[in-house]
Protein chains: 2
Amino acid sequence: MFKVSRKSEYALIAVQYLAATYGGNVVSVTDLAGQCHVPVDVLAKVLQGLKRAGIVRAVKGAGGGYGLARPLAEIRFLDVVHPFEDTLAVVTCQMPNTECERSDNCSLRDPMALLNAYIIRQFEALTMDMFVAPHQWLASATRTGTMVETMSLGRRMRMPA
Amino acid sequence: MFKVSRKSEYALIAVQYLAATYGGNVVSVTDLAGQCHVPVDVLAKVLQGLKRAGIVRAVKGAGGGYGLARPLAEIRFLDVVHPFEDTLAVVTCQMPNTECERSDNCSLRDPMALLNAYIIRQFEALTMDMFVAPHQWLASATRTGTMVETMSLGRRMRMPA
DNA sequence: GGATATAGGACCAATTTGGTCCGATAAGCA
DNA sequence: TGCTTATCGGACCAAATTGGTCCTATATCC
Ligand code: SF4
Ligand code: SF4
């Protein structure tokens, strides 16, 4: 497949729609599901995942709901996707607690590890503000013709513990 | 999942083991399967796929088998994996003939396209010689500490039509 | 003509995924 | 206190995908 799971997509969408709620009021799952056309029950699970990952905060009880826990620029693409991907390993031997019987005599393995690290690095460099409000940097990226390279820059940022 | 399919892994392994056979004699599926510990029937299918992609050549009849169609340096990582991945799109809207009902009003979409192109670009830049005989460049990559960046360089090469 | 080996489709079993449901907990409010 | 709202989190089910098997052509060599 080499595609991110559907829950991950929903998570990205959720963050997009929650963009306005940082520091402000929270929005209930039912409302959010209505806005972004995602099945409520699934979105509920997704938001629970994001909550556990510390990306959104949850307020229980009447008038409660979910809101972003920190500004978009401090939420990495990787963080949003990670809770819903059991593995981000390109090949099996890169998965935790997994050995393939060829591991000893396999020249592919080390380069694979690099490639894997590379993709993860990329996912870390991208922050959600690039996805939610991409218009500024996207324009310049397209203009230069080196769209891809520009994307890879992913400006440095500090992450909370 | 965000992992390459098992058939793709087998394809990579097959290329690794066929590395010696460019221009030389071919090897039968049964023999190859014995060497690299892959179920014969599956490997057969995988090699058929690689054949169709023009990566290996096939010789039918007695004494026949498979061999590489061109040198390792002219086989891109993408080419090996492509026949077995129905999609290399990170999100659904990047798949061919697929529209998501949010496409019109989705700020994620364009950045996603960039990310997607970026990964594919990467898969194109990597050639199989980097995986089969990685010792030279891997050493220097590790030494500099910027393993990832080095990986991304992926030297330029000319591809047959 | 017989042996060998690829070509390719049909088919099945196991896993993974996407999605549903229901009870428990916690907070607000009258 | 009791009612309502809304998150929490597990159990569960159905569909899709994947990994793997098998069986019948077809081509080539001896
Ligand atoms: S060790 Fe080699 S054959 Fe085994 S999973 Fe890793 S890359 Fe593939
Ligand atoms: S259009 Fe937006 S919501 Fe739809 S698949 Fe693409 S990125 Fe996801």
Side-chain angles (χ1 to χ4, degrees), chain A residues 1-11 13-14 18 21 25-34 37-67 69 81 83-89 91-92 95 98 100, chain B residues 1-11 13-14 18 21 25-34 37-67 69 81 83-89 91-92 95 98 100:
Chain A
M1 260 296 191
F2 219 80
K3 196 179 73 61
V4 101
S5 92
R6 195 147 283 232
K7 280 180 191 166
S8 294
E9 285 191 34
Y10 291 156
I13 298 170
L18 284 179
T21 66
N25 285 335
V26 293
V27 49
S28 82
V29 179
T30 338
D31 288 359
L32 197 60
H37 308 105
V38 169
V40 259
D41 300 297
V42 182
L43 189 60
K45 283 285 177 333
V46 167
L47 285 167
Q48 282 176 35
L50 291 177
K51 158 75 192 304
R52 267 184 293 247
I55 295 173
V56 301
R57 69 203 148 89
V59 178
K60 275 186 161 184
Y66 290 97
V81 159
F84 311 103
E85 302 296 321
D86 41 351
T87 169
L88 281 174
V91 287
T92 32
M95 296 166 55
T98 308
C100 129
Chain B
M1 258 293 190
F2 220 81
K3 195 179 75 59
V4 103
S5 91
R6 195 148 284 229
K7 282 180 188 165
S8 293
E9 284 190 36
Y10 292 155
I13 298 170
L18 284 179
T21 68
N25 286 335
V26 293
V27 50
S28 81
V29 179
T30 338
D31 287 1
L32 196 61
H37 308 104
V38 168
V40 259
D41 300 298
V42 183
L43 190 60
K45 282 288 177 332
V46 167
L47 286 167
Q48 283 176 36
L50 291 178
K51 159 76 191 306
R52 267 183 295 247
I55 295 172
V56 302
R57 70 203 147 90
V59 178
K60 275 187 160 184
Y66 289 96
V81 158
F84 311 103
E85 302 296 322
D86 42 350
T87 171
L88 281 174
V91 287
T92 32
M95 297 167 54
T98 310
C100 128

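Keep in mind the model is a prediction, meaning the values are calculated, not measured. Naming: A, B, ... by sequence-line order, numbering from 1 per chain.
Residues A:Val42 and A:Tyr10 meet the side-chain proximity criterion, which asks for heavy atoms closer than 4.5 Å. Counting heavy atoms from C-beta on, the side chains of A:Thr30 and A:Ser28 come closer than 4.5 Å.
The structure places NZ of B:Lys45 at 11.0 Å from CG of B:Leu43, a figure rounded to the nearest 0.5 Å. To the nearest 0.5 angstrom, B:Lys3 atom NZ is 12.0 Å from A:Leu88 atom CG. The OG1 atom of A:Thr87 sits 7.0 Å away from atom CE of B:Met1, with the distance rounded to the nearest 0.5 Å.
Per the geometry, NZ belonging to A:Lys7 stands 9 Å off P belonging to C:dT17, to the nearest Å. In this structure, the CZ atom of A:Phe84 is 17 Å from the C1' atom of C:dT16, given to the nearest Å. Atom CG in B:Asp31 sits about 12 Å away from atom C1' in C:dT4, given to the nearest Å.
Interface limits on DNA chain D: the 5'-most and 3'-most nucleotides within less than 4.0 Å of chain A heavy atoms are D:dT5 to D:dT18.
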Practice item. Carefully, step by step, assess A:Tyr66 and A:Asp31 under the rule side-chain contact (heavy atoms from CB on, under 4.5 Å). Key: CA-CA 10 Å; A:Tyr66 290 97; A:Asp31 288 359; over 6 Å; no

Point to revise | side-chain contact (heavy atoms from CB on, under 4.5 Å) evaluation trace for B:Leu47 with B:Leu18 | key: CA-CA 11 Å; B:Leu47 286 167; B:Leu18 284 179; 4.1 Å; yes

Practice item. Check the pair A:Thr92 / B:Arg6 against side-chain contact (heavy atoms from CB on, under 4.5 Å), numbers first and verdict last. Key: CA-CA 8 Å; A:Thr92 32; B:Arg6 195 148 284 229; 3.2 Å; yes

Sort me out a list of protein N/O and nucleotides 25-30 of chain C N/O pairs below 3.5 Å, or just none if empty.
residue	atom	partner	partner atom	Å
C:dA26	O4'	A:Lys60	NZ	3.0

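B:Arg57 approaches B:Thr21 most closely through the heavy-atom pair NH2-O, 3.0 Å. The minimum heavy-atom distance linking A:Val40 with A:Ala33 is given by the pair CG1-CB, 3.3 Å.
Listed by residue number, the members of residues 42-56 of chain A with any heavy atom below 4.0 angstrom from DNA chain C are A:Val42, A:Lys45.
A donor-acceptor pair under 3.5 Å links the side-chain atoms of B:Glu85 to the main chain of B:Ser5, judged by distance alone.
Contact annotation for B:Ser5: backbone-only contact, meaning every heavy-atom pair under 4.0 Å involves sugar-phosphate atoms and none involves a base. Residue B:Tyr10 is in sugar-phosphate contact alone, with no base atom involved, counting any heavy-atom pair closer than 4.0 Å across all strands shown.
When each of A:Arg6 and B:Ser28 is assigned the nucleotide of DNA chain C bearing its nearest heavy atom, the one mapping closer to the 5' terminus is B:Ser28.
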